[in-house]
Amino acid sequence: HQRCNSAKILLDVLSFFSPDKIPKQVLRNPRLLEALPKTDFIEVEVLNAVAELRRFSLLQVTPDTLSVHGLVQEVCRSCLSTADQAARAEVCLLVIESMFPHETELPTNWPHCSLMTPHVLSIKEHLIHLRLHYLLVPVLNQLGCYFKWIGHYRNAEEALSTALDIVRAAKETGEETDDEKQHYLELFANILHNLAGVKEDLGDLEQARAHALAALEILPNKDKYMDKRATILNGLSKVYQMLGDTDEAKVCLLQALELNPNPITAGCLAVFMHHDGDWQQAKRLSMAALDELREIHGEMHLLVIQGEANLS
């Protein structure tokens, strides 16, 4: 009986994934294991559940992936009550969130991001249908960042805009707890910042500026947010520079450097000082930035080589 119960729960959760190329690591994911009946031998329980599903051809298994026919998924979902659909869909989301790489800027993570993307899009549709869209915000933010890094700017814009609309709707209803308000505050600013970067990539500089300024307005001027505010100011400086407003660009960099003295910001500010004819200040900033980059990355790093070329 327990084996059949575990097999049913497993199949129910898998019915909210995209049908094909479900990573086999799902079977070891703690979020999934927590949803199965408690046992001292959970790994054996999972293997037994998989064997049971394969016995009835409800699950196909390769060395790396799982797949469930779309019609089987549809039948599984339709047999669940609305409450059970919500519970299984939430487990699916938690598994996907835990498996989607957070460092989307690293090319080494892109293959896994690509593998997980169809599953994010699948659970997105199911949770919207179940009116649980507010749960999607973190993973949509990650998906948007991934799309931005690989140059799929329209897809990034769609994912981030959807996340932004969900957060705005939650704020308007005022239904969040105090902890949720704090969480959404940071998430709201992060999404705005990411969307500003996408708008910049798409050439919509006015929208990029508006989103960056909105992100700064949302984040309190407190110590815990200093690094994030500096990052947003760095991005805003670039937008102002592209708009031809070098004075505002310089102000943003000065504010960013005050909040978080890092070599990249110092190097950008040095360029402005050089253009303004303040050679000594430009040289001082460039040398300080170069020393810090050497310490962080070593002599042969591209940023160090580029900095040395700029200084010469």
Side-chain angles (χ1 to χ4, degrees), residues 1-54 58-68 72-73 76-77 80-81 83-104 106 108-127 130 132-146 163 177 179-180 182-184 186-187 190:
H1 173 74
Q2 181 164 304
R3 178 184 297 184
C4 291
N5 191 28
S6 296
K8 183 181 185 310
I9 293 172
L10 175 58
L11 188 60
D12 287 344
V13 172
L14 293 178
S15 72
F16 289 92
F17 282 81
S18 181
D20 299 313
K21 295 186 178 179
I22 304 169
K24 205 170 181 181
Q25 300 98 299
V26 163
L27 299 175
R28 298 191 299 272
N29 189 279
R31 298 295 192 177
L32 175 66
L33 300 182
E34 288 167 8
L36 298 178
K38 299 294 181 268
T39 173
D40 293 334
F41 304 100
I42 189 64
E43 293 84 359
V44 175
E45 185 69 19
V46 171
L47 291 175
N48 287 337
V50 169
E52 193 75 6
L53 294 174
R54 293 185 72 183
L58 296 172
L59 179 68
Q60 287 71 51
V61 181
T62 74
D64 299 316
T65 63
L66 312 169
S67 61
V68 183
V72 172
Q73 290 181 312
C76 287
R77 293 192 301 268
L80 295 170
S81 67
D84 284 342
Q85 283 188 41
R88 301 295 186 252
E90 189 168 352
V91 172
C92 176
L93 174 66
L94 291 171
V95 172
I96 290 170
E97 276 186 341
S98 68
M99 294 181 66
F100 199 98
H102 286 277
E103 295 177 316
T104 55
L106 298 180
T108 51
N109 283 337
W110 293 350
H112 195 64
C113 289
S114 176
L115 182 64
M116 295 305 299
T117 293
H119 306 300
V120 175
L121 298 176
S122 176
I123 194 60
K124 172 190 168 187
E125 296 305 316
H126 294 305
L127 288 175
L130 292 165
L132 297 171
H133 45 281
Y134 60 90
L135 298 173
L136 287 164
V137 175
V139 76
L140 286 179
N141 186 40
Q142 288 301 109
L143 181 65
C145 290
Y146 162 63
T177 64
D179 287 343
E180 287 173 335
Q182 181 69 21
H183 172 69
Y184 274 113
E186 297 177 35
L187 198 53
N190 197 27

Practice task
In sequence, state the C-alpha distance, the side-chain angles, and the governing distance for Leu66 and Val50, and then conclude on side-chain contact (heavy atoms from CB on, under 4.5 Å).
Solution key: CA-CA 10 Å; Leu66 312 169; Val50 169; 5.6 Å; no
Handout entry: Shortest non-hydrogen contact between Lys38 and Glu34, atoms and distance
Key = NZ-O, 3.1 Å
Practice task
For residues Pro63 and Lys24, report the shortest heavy-atom separation together with the two atoms involved.
Solution key: O-CD, 3.4 Å
Problem - Gln142 CD to Asn190 CG distance, which is reported to the nearest 0.5 Å - result: 8.0 Å
Exercise for the section: Taking the side chain as every heavy atom from C-beta outward, state whether Leu127 and Cys92 have any atom pair closer than 4.5 Å. Expected result: no
Handout entry: Spatial distance of atom SG (Cys145) from atom CD (Glu103) [nearest 0.5 Å]
Key = 12.0 Å
Handout entry: Minimal non-hydrogen separation, Leu32 against Val91, with atom names
Key = CA-CG1, 4.3 Å
Problem - Pro23 side chain near Leu115 side chain, heavy-atom distance below 4.5 Å - result: yes
Handout entry: Ser122 (side chain) donor-acceptor with Phe16 (main chain) under 3.5 angstrom
Key = yes
Practice task
To the nearest 0.5 Å, tell me how far Leu140 CG sits from Ile123 CD1.
Solution key: 11.0 Å
Practice task
Check whether any side-chain heavy atom of Ile96 lies under 4.5 Å from a side-chain heavy atom of Phe17, and answer yes or no.
Solution key: yes
Exercise for the section: Measure across Leu80 and Lys8 and return the closest heavy-atom pair with its distance rounded to 0.1 Å. Expected result: CD2-NZ, 3.8 Å
Practice task
For residues Pro101 and Trp110, determine if any side-chain heavy atom of one lies less than 4.5 Å from a side-chain heavy atom of the other.
Solution key: no
Problem - Minimum-distance pair of heavy atoms, taken over all atoms of Glu97 and Val139 - result: CG-CB, 3.9 Å
Fill in the blank from the handout: Of all heavy-atom pairs linking Pro37 and Ser6, the shortest is CD-OG, 3.3 Å
Exercise for the section: Decide yes or no for Val13 and Arg88: does some side-chain heavy atom of the first lie under 4.5 Å from some side-chain heavy atom of the second? Expected result: yes
Problem - Any side-chain heavy-atom pair of Pro118 and Lys21 under 4.5 Å - result: no
Problem - Heavy-atom side-chain proximity of Glu90 to Leu132 below 4.5 angstrom - result: no
Practice task
Compute whether any side-chain donor of one residue and acceptor of the other, for Ser98 and Asn29, lie under 3.5 angstrom apart.
Solution key: yes
Practice task
Taking Ser15 for its side chain and Asp12 for its backbone only, find out whether a donor-acceptor pair lies under 3.5 Å.
Solution key: yes
Completion exercise
Interatomic distance, CD@Gln60 vs OG1@Thr65, rounded to 0.5 Å, equals 10.0 Å
Handout entry: Euclidean distance, Ile22 CD1 relative to Leu14 CG, rounded to 0.5 Å
Key = 5.0 Å
Handout entry: Rounded distance [0.5 Å steps], CG in Leu10 versus CG in Leu53
Key = 5.5 Å
Practice task
Run the numbers on Thr104 and Cys113 for side-chain contact (heavy atoms from CB on, under 4.5 Å), then give the verdict.
Solution key: CA-CA 8 Å; Thr104 55; Cys113 289; 4.3 Å; yes
Problem - Any His126 side-chain heavy atom under 4.5 Å of Arg77 side chain - result: yes
